[in-house]
Undergrad: 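Pasting in a structure now, in structure tokens, and then I'll have a few things to ask.
Throughout, residue positions are numbered sequentially from 1 according to the sequence presented.
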Amino acid sequence: MEYHNPTLRVLRILELIDSNPNGLNLSEIADLLELPKGTISPILKTLSAKKYVDLEGMLYKIGPRLFQLGLSFASGTNALSLIRKEMHNIVAAVEEVCQMGVLSGTDVHYLLREDAKTVITIISGVGKRLPAHVTGLGKALLSGKTDEEVRDIYRDYSFVPYTQNSIMDVEKLIAQLQQVRVSGIAYENEESTPDICCIAVPLMADNSVKAAISVTIPKFRYNEQKQQQITALLLQKKRLIEENCRIQNYHLDF
């Protein structure tokens, strides 16, 4: 792979300063990196102005902005750990597959999956993408958009049927999303995969939908009692995840 040398130079400077917590002056940085001070100096001035490094006297140290970025990364990682734990608890309670995903354009990008002991053949999985309009997760994620935003997203979009139940019209999709906004629950009825149903809830922070979790159920096990059990559990876990993330300042941006 060919590296972009100016970017690589900045990264080498930051890594060097980070490995010397007592700080380094301009001459020391230039000597250690074997680069001219005239090349290093404007980079350090820019990094200092943007708070990525601090200048204390003549010494450069890691600044608060890099610390904030590190906290943000750790926060996202902690949020995923929290969600995975609750997904594991959901699977233990209902013995069905539980998944978590985020919206990427018109697709659901699957980030987490907890499998049950009973095997279900579903085409989604960690790292994969599916059109949002045919999935429970996708509808939960899209419910955070206004009707006009949804129309804009699907303007000139070619709806492709995955099954005979797949939504093929943006107005039908919006009608379902309006119900999701009221109930907090999204349903999929054999729309992405034959004989597979799904119940999903959006995960919110700062009054916007950031992610969603779902439970996938084979049609032959999908009865009213099962639906009520999973719906109640997902709503309970939604509240728990959102509240814990708020209290612990975990970000739900992935």
Side-chain angles (χ1 to χ4, degrees), residues 76 79-80 82-84 86-91 94 96-116 120-145 149-150 153-154 157 159-163 165-167 170 172-205 208-219 222 226-227 230-242 245 252-254:
L80 283 175
L82 170 63
I83 294 169
R84 183 183 289 279
E86 296 308 325
M87 288 171 60
H88 180 80
N89 292 337
I90 291 170
V91 171
V94 301
E96 305 290 356
V97 173
C98 186
Q99 297 184 99
M100 174 263 190
V102 295
L103 191 64
S104 178
T106 57
D107 291 340
V108 176
H109 184 195
Y110 290 85
L111 299 183
L112 296 175
R113 172 169 165 164
E114 288 288 315
D115 285 324
I120 305 175
T121 301
I122 53 178
I123 59 178
S124 56
V126 173
K128 291 191 175 183
R129 295 170 184 258
L130 277 178
H133 72 279
V134 298
T135 67
L137 270 178
K139 294 174 192 176
L141 292 164
L142 287 168
S143 70
K145 308 290 185 183
E149 286 173 332
V150 174
I153 290 171
Y154 285 94
Y157 181 82
F159 287 87
V160 176
Y162 274 61
T163 73
N165 290 348
S166 296
I167 292 174
V170 68
K172 290 182 179 178
L173 175 61
I174 287 173
Q176 288 200 18
L177 297 181
Q178 290 171 344
Q179 296 175 6
V180 177
R181 294 180 196 127
V182 173
S183 66
I185 291 285
Y187 295 100
E188 173 195 339
N189 180 29
E190 300 183 82
E191 295 166 52
S192 65
T193 310
D195 302 317
I196 294 295
C197 299
C198 177
I199 305 173
V201 293
L203 298 178
M204 301 186 66
S208 63
V209 174
K210 302 292 188 178
I213 55 175
S214 69
V215 172
T216 304
I217 318 106
K219 186 73 171 181
Y222 190 58
K226 189 87 170 181
Q227 177 183 327
I230 293 172
T231 297
L233 186 58
L234 281 174
L235 288 172
Q236 176 193 348
K237 296 302 183 182
K238 165 187 166 69
R239 290 189 292 267
L240 188 152
I241 291 169
E242 291 174 346
C245 284
L252 282 170
D253 296 308
F254 306 105

Undergrad: Can you tell me how far the NZ atom of Lys238 sits from the CG atom of Leu233, to the nearest 0.5 Å?
TA: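 With rounding to 0.5 Å, NZ (Lys238) is 14.0 Å from CG (Leu233).
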
Undergrad: Output, in order, the C-alpha distance, side-chain angles, deciding distance and verdict of side chain to side chain contact (heavy atoms under 4.5 Å, CB included) for Ile199 and Tyr222.
TA: CA-CA 10 Å; Ile199 305 173; Tyr222 190 58; 3.9 Å; yes

Undergrad: Say you draw a straight line from CD1 of Ile167 to CG of Leu177; how long is it, rounded to the nearest 0.5 Å?
TA: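 Nearest 0.5 Å value for the CD1-CG distance: 7.5 Å.
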
Undergrad: Of all heavy-atom pairs between Ser183 and Leu235, which one has the smallest distance, and what is that distance?
TA: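 Closest approach of Ser183 to Leu235: O-CD2, 4.5 Å.
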
Undergrad: So, the side chain of Thr135 versus the backbone of Gly138: is there a donor-acceptor pair under 3.5 Å, distance only?
TA: yes

Undergrad: Got a second to check how far Met87's CE is from Gln99's CD, nearest 0.5 Å?
TA: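 Spacing of CE (Met87) from CD (Gln99) equals 7.0 Å.
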
Undergrad: Taking all non-hydrogen atoms of both residues into account, name the closest pair between Cys198 and Leu137 and its distance.
TA: SG-N, 4.5 Å

Undergrad: Apply ring pair (Phe, Tyr, Trp, His ring centres under 6.0 Å) to Tyr154 and list each qualifying residue two or more places apart in sequence or on a separate chain.
TA: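 For Tyr154, the residues satisfying ring pair (Phe, Tyr, Trp, His ring centres under 6.0 Å) (neighbours in sequence not counted) are Tyr157, Phe159.
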
Undergrad: If every non-hydrogen atom of Leu82 is compared with every non-hydrogen atom of Ile241, which pair is closest and at what distance?
TA: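 Leu82 and Ile241 have their closest heavy atoms at CD2-O, 4.0 Å.
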
Undergrad: What residues, two or more places apart in sequence or in another chain, satisfy salt bridge (charged side-chain N to carboxylate O under 4.0 Å, His left out) together with Lys145?
TA: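 So Lys145 forms no salt bridge (charged side-chain N to carboxylate O under 4.0 Å, His left out) with any residue.
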
Undergrad: Can you list everything that forms a side-chain contact (heavy atoms from CB on, under 4.5 Å) with Ala140? Sequence neighbours excluded, please.
TA: Ala186, Ala200, Pro202, Ala212

Undergrad: Using side-chain contact (heavy atoms from CB on, under 4.5 Å) as the criterion, list what pairs up with Gln179, not counting sequence neighbours.
TA: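 Partners of Gln179 under the side-chain contact (heavy atoms from CB on, under 4.5 Å) test: none.
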
Undergrad: Would a distance-only check, ignoring hydrogens and angles, find a side-chain to backbone donor-acceptor pair under 3.5 Å from Ser166 to Glu191?
TA: yes

Undergrad: What is the distance from atom NE2 of His109 to atom CZ of Arg129, rounded to the nearest 0.5 Å?
TA: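 Taking NE2 in His109 and CZ in Arg129, the distance rounds to 5.0 Å.
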
Undergrad: Can you name the residues that form a side-chain hydrogen bond (donor to acceptor under 3.5 Å, both in side chains) with Gln236, not counting sequence neighbours?
TA: none

Undergrad: Looking at side-chain heavy atoms only, is the closest gap between Met100 and Leu80 below 4.5 Å?
TA: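 Contact flag for Met100/Leu80 side chains = yes.
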
Undergrad: May I have the step-by-step check of side chain to side chain contact (heavy atoms under 4.5 Å, CB included) for His133 and Thr106, ending in yes or no?
TA: CA-CA 8 Å; His133 72 279; Thr106 57; over 6 Å; no

Undergrad: Just how far is it from atom CG of Leu203 to atom CG of Leu234, taken to the nearest 0.5 Å?
TA: 9.5 Å

Undergrad: Quick one: do Ile185 and Val201 satisfy side chain to side chain contact (heavy atoms under 4.5 Å, CB included)? Show the steps, please.
TA: CA-CA 5 Å; Ile185 291 285; Val201 293; 3.2 Å; yes

Undergrad: Identify the two heavy atoms, one from Glu149 and one from Gly144, that lie closest to each other, and give their separation to 0.1 Å.
TA: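 Closest approach of Glu149 to Gly144: OE1-O, 4.4 Å.
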
Undergrad: Check Leu141 against Gly101 and note the closest heavy-atom contact, atom names and distance.
TA: CD2-O, 3.8 Å

Undergrad: Please name all residues satisfying side-chain contact (heavy atoms from CB on, under 4.5 Å) with Asp195, sequence neighbours left out, ordered by chain then number.
TA: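 Applying side-chain contact (heavy atoms from CB on, under 4.5 Å) to Asp195 gives Glu190, Lys219.
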
Undergrad: Can you list the residues that meet the salt bridge (charged side-chain N to carboxylate O under 4.0 Å, His left out) rule with Arg239, with sequence neighbours excluded?
TA: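 In terms of salt bridge (charged side-chain N to carboxylate O under 4.0 Å, His left out), with neighbours along the sequence ignored, Arg239 is linked to no residue.
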
Undergrad: Taking Lys226 for its side chain and Val94 for its backbone only, find out whether a donor-acceptor pair lies under 3.5 Å.
TA: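 Yes; judged by distance alone, with no hydrogens or angles, the pair exists.
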
Undergrad: Please list, chain by chain and in numerical order, all residues satisfying side-chain hydrogen bond (donor to acceptor under 3.5 Å, both in side chains) with Lys237, sequence neighbours excluded.
TA: Glu86

Undergrad: Taking all heavy atoms of Val150 and all of Arg181, pick out the closest pair and write down the distance.
TA: CG2-NH2, 4.4 Å

Undergrad: Sequence neighbours left out, what passes salt bridge (charged side-chain N to carboxylate O under 4.0 Å, His left out) with Glu188? Give chain and number order.
TA: none

Undergrad: With sequence neighbours left out, what residues match Ser208 under side-chain contact (heavy atoms from CB on, under 4.5 Å)?
TA: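 In terms of side-chain contact (heavy atoms from CB on, under 4.5 Å), with neighbours along the sequence ignored, Ser208 is linked to Lys210.
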
Undergrad: Applying side-chain hydrogen bond (donor to acceptor under 3.5 Å, both in side chains), name anything that partners Lys172, two or more places apart in sequence or on another chain.
TA: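 Partners of Lys172 by the side-chain hydrogen bond (donor to acceptor under 3.5 Å, both in side chains) criterion come out as none, since no residue qualifies.
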
Undergrad: Look up atom CD1 in Ile90 and atom SG in Cys98, then write down how far apart they are to the nearest 0.5 Å.
TA: 4.0 Å

Undergrad: Between Val134 and Val160, is a side chain to side chain contact (heavy atoms under 4.5 Å, CB included) present by the stated rule, with each step listed?
TA: CA-CA 9 Å; Val134 298; Val160 176; over 6 Å; no

Undergrad: What pairs with Arg84 under side-chain hydrogen bond (donor to acceptor under 3.5 Å, both in side chains), at least two apart in sequence or on another chain?
TA: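 Listed in chain order: Glu114.
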
